[in-house]
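Shown next, in C-alpha cells, is the structure this report addresses.
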Amino acid sequence: MNRVVVTGVGAVSSAGIGADLIWQACLGGISGVKEFDFQNIVAQKVKNVAPIAPDVLAAVANPREERFQDLIAQMARMAAREAVAQAGLGPDDFGSKCGVIIGSGFGGARTLDVNYLKFAHDNSARYDPMAIPKIMNNASTSWVAMEFGATGPAICISTACASGAQSIGLAMQLLRAGTIERCLTGGAEATLVDGTYRAWETMRVMTPDLCRPFSKDRNGMVLGEGAGVLVLETLESAQARGAEILAEMIGYGTTCDAGDLLRPAPEGAAGAMSQALADAGIAPDEIGYVNAHGTGTVANDINEIEALRRVFGAELDDISVSSTKPIHGHTLGAAGALEMIVTIAALRAQMAPPTINFNEIDPLVNIDPVSGAARPLNTRACLSNSLAFGGINASLIVAKADF
Amino acid sequence: MKDDMDSESKLSQELLALVAREGMVEPENLVMEAKLADLDIISADFIMILMAIEEEYGAYIPVDNELADLETVGDLLAVATKKIIEHQQEKPA
C-alpha cells in the first residue's frame, strides 16, 4: 500500500487568497467575521458572517470567466493554482495518473439565487443559459481538471460539512491503492447569498452575536465561504520528482450516525476518530492537536467532546483542542479542506491556533480548549474532524514528514 | 404591575396555541408539566416553533444552552416569554 504525502496547499478564505493568510489569521486569532447586509432579506436577524476577502472579489471580476463559472469554481481554481505551484507540478505531471476530487455542499449558490430571483420577478427576463453548468456541484472539480489537464478520476463528494474531509479521505484511498499517483483534492463553498443565507437563518443554528465554540455562553455558528485544495501524492511519486514534502496523510475514518438528520450522536463521531487512529496505526496519545469541527452550536460541541472523551479518555486533557471556525467561519463543504490546511500548518509550526471568543468552561461540554492565544505543541500527529448534517462524520490524521 | 401580569398571561396563552399549532400537538395534551419528548416534539418541530415566534413577535431565538436544557412545555414557555419580553424592551414598538 502506497504512503500518501502532501506536497502543496492552496486556500481562498475570509483572510484572502493564500494558504499562509488563513494560517496567519488562525495563529494570530484575527477573525474575518464582520457585519454584512443581505439586500433581499427583510429584517435580517443574524448580521455576522466571514465573507471572502475583497482581494478575492477583485481577482474573480472577469466577465469572460463569470459567463462560464460561478464564484465557487473560480475560488477552487485559485486554490488549485496555488497548491500546484507549491508542489512544483509541471504539464507532464497530470494526465490519467492525476485525479481531481473537490467537494461542495451547495454548488453554485450565487447563480441559483440570482436566477431564481430574476425568474420570480419577471419570468420573461433572460435566464442565464449557463445556469445549470454553473450551479452543478461538480463544476469546481471539472474546471480544475480542465485547467491542468488532469484526465484521471474526477469526483465531487457532496456530504454537507463533511464534503471536504471525505474528498481528501477518498483521494488517500485511491492513492494508497495505486489507482492514481497524485490528486488535487479539497472542497469549495460560496453560499453567502441572500436566499441560501436566509435558509440558514431560519434553521436557527447561527449566532446573533459571536461564535464561541465550547464556551458556556455559545449560541451558534458563523458562516464563511472559500476553497481549499491540497496536492496529495504517493510518496514514491513525490520522491521521484524531488518534491518538498509538507506532511504525510496517515489516517482516515468515516461513519454515518444513521440516526437523526440534524441531531448528532457521539457514537458516530467517535467511530470516525477510532477508525482514523486504527488506519494510521497510532495510539490516541500520539495525537497532540485536534482541530475540532467545533461549530459553536450547543448540540455539536456537546456531541463532539463526548465523542473525543470516548476515544481519548482522560488523555484528552493533555491534548490541545481548538476550533478555528470563529476566525474563518464555517465554510461548510470547504471546511474539511481549509481546516486540514490549517492543521498541517499547525503541525509544521508546532503551534496550536486558539479558539477565539471562548469565555468560560461549559460543564455540559467539559473541555478547556486552546483559547486566548496560540499554544506551543510538541507532537508528531494531528487530527481534524468534520461532522455533517445527515449524520456524516469524517476524521483525518496528518503526521510530520519523516523521510 | 397588574397590567404586566395580564399581558404575560395573555402571551402565555398565545404561545400555548402557537406551540400546539407548530408542534402538531393536540391542545388538550399541552399542559405545563408535559415533557416535550413525550409529546413527540423533535428537532424539526422545535425549529418550526422558533420560526413562528420570530414571525409573530420579531424575536430571533438561537438554540443556546437555555434551550438545550428544556424538558417541559412550561420550561419552553418560560424561555420564550423571557426572550420575547427582552426583544420588546430592546426595540419598543
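What's counted below: heavy atoms across the whole structure, side chains too, no hydrogens, waters or symmetry copies. Quick note on labels: first sequence line is chain A, next is B, and so on, each numbered from 1.
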- Task: Evaluate whether atom NZ of A:K47 has more than 12 neighbouring non-hydrogen atoms of other residues, nucleotides or ligands under 6.0 angstrom away.
- Result: yes
- Query: Where on A:D217 is there a heavy atom nearer than 4.5 Å to chain B: the side chain, the backbone, both, or neither?
  - Reply: neither
- Message: Looking at every heavy atom in both A:R204 and B:I47, which two are closest together, and how far apart are they?
- Response: NE-O, 4.2 Å
- Select all residues of residues 294-314 of chain A having any heavy atom within less than 4.5 Å of some heavy atom of chain B, and report them by number, or 'none'. A:V298
- Query: Counting only N and O atoms by type, is there a donor-acceptor contact under 3.5 Å from the side chain of A:K45 to the main-chain atoms of B:P62?
  - Reply: no
- When rounded to the nearest 0.5 angstrom, what is the spacing between CD in A:E201 and CE in B:M51? 8.0 Å
- Charged N-O contact under 4.0 Å between B:E54 and A:R198: yes
- CD-OH distance between A:Q44 and B:Y60, expressed to the nearest 0.5 angstrom: 10.5 Å
- Is there side-chain contact between A:L364 and B:D69, with at least one heavy-atom pair below 4.5 Å? yes
- Could you look at B:L67 and say if it's the side chain, the backbone, both or neither that has a heavy atom under 4.5 Å from chain A? neither
